[in-house]
Each structure stands twice: as C-alpha cells, then as structure tokens.
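Everything below concerns the one structure shown next.
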Amino acid sequence: MAYQGKKLINDPNDVVTEFIEGMVETYPGLQYLDGFPGIKIVLRADVVGSTYDKVAVICGGGSGHEPAHSGFVGEGMLTAAVLGDVFASPHVDAILAGIRAVTGPMGCLLIVKNYTGDRLNFGLAAEQAKSEGYKVESVIVGDDCALPPRRGIAGRRGLAGTILVQKVAGAAAAAGLSLTQVLDEAKHASEMVGTMGVALSVCTLPGQVTSDRLGPGKMELGLGIHGEPGAAVTDLQPVDLVVSHVLKQILSKETNYIPISRGNNVVLMVNGLGGTPPMELMIASGKAVLQLQLEHGLAVDRVYTGSFLTSLDMAGFSISLMKADTEILQRLDAPTKAPYWPVGVNGNRPPAKIPVPVPQSGSTRNEEVLIRPQELNEQGYVLEAAIEAGAKEIINLKDKLNEWDGKVGDGDCGSTMFRGATAILEDMTQSYPLNDAAETINEIGASVRRVMGGTSGILYSILFKAAYAKLKESAVITPRQWADALEAAVNAVSKYGGAVAGYRTMLDALIPASNTLKESLDAGQDPLTAFLLSSEAVVSGAEATKNMSAQAGRSSYVSADILSSAPDPGAMAVAAWYRAAAIAVRDKLQN
C-alpha cells in the first residue's frame, strides 16, 4: 500500500537550494553562485574563471544522487557541479553560468551522464559557451551493464562509474594537462568502467508518496538511479549470490561492455544507493573482492566502499569495475580536496556566496522589454484564451501525469509540467505581448525554459523556439503560417531529441496533429475546423502510445508489460493542452 514518504525537509521545492546552503557551510572550500532558485551551482572557492590556469572539470545532473556531484567538487577532482531539481537535468542557463564561473584560458571538460536531458542541456550549453569564446569539450559516461546492448537512441545509462571518471579527469587537470589530454584520459577511463545496481526498495521523491511497486521479499536487478524499473524482479537472495550475479553480468563476454579478462588488474567501487548501511556495503565489498580474485582471476588494486552516487533513500547498492593501468591508478591516488572522496578537508573559510558571472563582453544582446498590451486585439483575446485553457488543463492533470510517469519513468512528469503551466499563467499577465503571436510564442518558451528541468523542459524550449523562428518569417500570420510553424517545431524536436514517430514520446501526439492540420487546410477546411480536427488527432496519437514499445528516454528501460499499463505521459500532456486550446479558440470565436 502506498503512503506519504517521511522526509526531514521543509518545502519540497526548496530541498536542493537548502542542501547547497548546508553544504557550503559544512565545507569551507566550497561556494555557490547567488542565482537561486534557477541557478544551483557548487564550485571551488579558490577558482576564478578568468584567471584559472588549469582545465576546469564540470559535472552535474538532477539532484537526489548526493553526494554526487557537489560532494566531489574540490582541487584534484571537479571544479564545479551544476545541480538540477530532483531527478531533473539542470537547464542550459545554469550550465552556462557554471562554465563562465570557472573556465579560464585552458578551457573546460564537461562530464555528462548518458541521459537524454543531460545530453541535450549540456550539449546546448557547450555550443553556446563555444560561441562566447570558451574552449569546451564533453565526455559522455554510459557505464550501465544491466541491460542488453543499445536500445533505440537511449543507450547505456550513466551510473556510479561516473565518479571514477571524474577522479581521473580531475587529477589529470590538476597535473596541468591540456584540454585535449584531459579529454583523452576521461574518455579512456569511461571506456574501462562498467556498473550494475541492485535495489531492495524504490526511492521516495520529496513531497510524494512511497511506491509499493517492489513488494516484501523482493529485490530488483539493474534498476536505474531515478527509480525507473530494472531488468528483473526476483526473490531476495543472500548477498553472496547477489554479488556473484552482478559481477558475472558486468564481466559478461556476450555483451563485452568492458575489456576485462582473466589476469587483469581492476578497481572496485561498491556504492550505496542511499538507504543501505555501511555494514551491508562492507559485506558486499568483502564478498566482491574474494569472488573477483578466486572466480574471475582478477587482481583488485583499489577498493572504494561508501555512498558516492545515490538514489535518494533507495535501499541497495551498485558495483562498478574499472580496468586498472598505471596511469589510471596514478590519477585515482592523486591528492584531492573533494569532501566526499575519502580524504580530509583543510583550509580557511572564504565567503559562502559569490555573484553569478555575466556573459563575456560582446556576448550579450540588447533585447526589447516585452509587456502585456493595455488593449488586446481580436488575435490577442483568442491567443490569451488558448494559452490560459491549455495551461489550466495541465495544472488539473498534474497528479494523473505523475501517476502515469510513476509506472514508466521517474514519476515527475506532472510536477514538471505543472511548474511550466504555472509560470506561463503568471508571465502572461505581465509580459506576453499577446497582440504579437510570434513574440508571445517566444515568451512561452522563455517561461518553460526558466522553470522546467529535465528532458521535457529543454524539448519544450526547442519546440517553442523553432515555432517562433518560423512565425517571424511572415509579417502577417495566417492559419497556413501556424501549420508551418507547428511542422517546424515538430521537426526541431525530432532533430535534437532523436525520436521519431513510434518511439513513444511527445512526438507521437504532435506529429498526427501537425499532419492533420496541414491536410485539413489543404483540403479546403476552414481554419477552426482544421484546428479542431488536429486536436482530435493529437488525442488519438497520445492514447495510441499505450501500445507502443519505447525507444527513447527512461521508458526505453521499462518492460513491455509495464509500458502497456499506461500511455506515454509526455504525449498525454501534449494532448491535454493542445485539445484544451482548440476548444477554447472555438468557444471564443463562436461567442
């Protein structure tokens, strides 16, 4: 039976910022940028980007995995960590702020866990930083060994092996190597490491109920660090058998995920997932070392045991193996002041908070301050009604979207969409130039980009930006221009997100809507009828996702049986706001 999770928190929306405040008070070598709540960055207190004479190493991602990644900020490891909301990728502006804050002439390396939202946000931030004159390189870490080889566009997930890659890269940077050399060492390390996790319970997000998906006496093999279902659920086994299964999976010659053979030297990391006591982790470590030596013929050179990359309060652990060579061991043994790598912390306390850096000279652009018109024209009234109806429908659907997402993802789709819809309603009363349709669409994109994290946030930003660019091409916006803008937006989401029709994503709702809108207009239907027909197509497309196998996002790791129990929540969100907007336009025009 599900029940409200118990958390020692205040407002669930403030957990990340309050965590950061406590972090920098605890460790005098750390600071944070004064950009809450949108910019949540922990950085080294001794680094000033403009004068820093070594390669900066930056990592980040959704919160809830502490101590990763802020706990590994320190000399000899990360220069900065960019934090998103719980289980949501940080947005582009936050990542850019981190790059600007710590990157000097030597450039910076971004270490990115292989999740769609992280890849998109860090990728766009890297391109923007390069356009501002920074030298930026990226390495994607996908060390998951639990699932069969590459499925769709998602690939292997980034897990606790990322921490070992961070240590190698950070030590290489501290040694004064060039950006290219640091990148090469990080890539090499990422190719040498494999990880698999085992859970005895699912995690509970702040402010949400505890799922009862994993019943008494059961354990889950190969689950993700966001609580998404794993490869298999089985009866609870003694730790000897669990460790044996995990090691065999990581070292499997069928998948050949990491190039480790009998006689090699390895590094072992046993990582607690948040709710496992040190006693149990140490038991697992001892059994793992023994089995690696006796059953697999491997020499274990280093053992790291503790909680490095967690999943909130999940009970369980992951095992990471890295093939060791002289250079990797040298980097792992190099000194670091990162507080959660097993070393002490020294130093005088600097100011806990410093200003958010502004873009480099020449990288800013003057933008007109947009305000809501005092009087709306007919288009403005219709646009206002459509936006208000769509946003309110998403707000009403919040719990249902979370419920669907809890079955096939990480359970926060409704909460993420709720933040976007709330921001849209608030901003519309102040800054949307509703008499200018193109600029209004652009402002909607700015609203969601500011508050929506994760993959959905960046994909919606891309959606609205592409639509805006198409609408700006015409002085007068006709129904045909609206259809062309929707088509351009759909194509942009497909291009950058990698999904196409049938991948069980938001595109499976948007593509039918776009096609029906254009076909109806081509057939001579009046614009309102064409819009309403396309809104029926969007609902049908979204509902059809229940029968699709996922090939993108976290749902691609979920079994077909679980997927068939719920439609894609992202597609259903699209259907909700699109259909509500169409009905609102009809009602407005017919009054």
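Just so it is clear, the values below take in all heavy atoms, side chains as well, and ignore hydrogens, waters and symmetry mates.
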So, do Tyr115 and His226 have ring centers that fall under 6.0 Å from each other? yes
Which is it for His69 and Gln166 under the side chain to side chain donor-acceptor pair (under 3.5 Å) test, yes or no, and what are the steps along the way? CA-CA 9 Å; His69 295 282; Gln166 291 174 3; 2.7 Å; yes
Mind checking whether [X] and [Y] have side chains closer than 4.5 Å, heavy atoms only?
{"X": "Leu159", "Y": "Lys113", "value": "no"}
{"X": "Arg44", "Y": "Glu75", "value": "yes"}
{"X": "Tyr32", "Y": "Glu21", "value": "yes"}

Do any N or O atoms from the side chain of [X] and from the backbone of [Y] form a donor-acceptor pair under 3.5 angstrom?
{"X": "Asn121", "Y": "Ser89", "result": "no"}
{"X": "Gln181", "Y": "Ser178", "result": "yes"}
{"X": "Ser494", "Y": "Asn491", "result": "no"}
{"X": "Asp405", "Y": "Pro569", "result": "no"}
{"X": "Asp325", "Y": "Ile328", "result": "yes"}
{"X": "His91", "Y": "Gly38", "result": "yes"}
{"X": "Ser190", "Y": "Lys187", "result": "yes"}
{"X": "Thr310", "Y": "Glu66", "result": "yes"}

Measure across Gly117 and Thr455 and return the closest heavy-atom pair with its distance rounded to 0.1 Å. N-OG1, 2.8 Å
Verify side chain to side chain donor-acceptor pair (under 3.5 Å) between Ser252 and Gln249, making sure each step is shown before the conclusion. CA-CA 5 Å; Ser252 170; Gln249 183 73 14; 5.8 Å; no
Check whether more than 12 heavy atoms from other residues, nucleotides or ligands sit under 6.0 Å from atom CZ of Phe19, and answer yes or no. yes
Between [X] and [Y], does at least one N-O distance fall below 4.0 Å, as a salt bridge requires?
{"X": "Arg100", "Y": "Glu132", "result": "yes"}
{"X": "Asp85", "Y": "Lys40", "result": "yes"}
{"X": "Asp143", "Y": "Arg156", "result": "no"}

Side chain to side chain contact (heavy atoms under 4.5 Å, CB included) with Leu43: which of Leu33, Thr79, Ile58? Leu33
Do you know which of Asn265, Leu292, Leu298, Val193 makes side chain to side chain contact (heavy atoms under 4.5 Å, CB included) with Ile260? Leu298
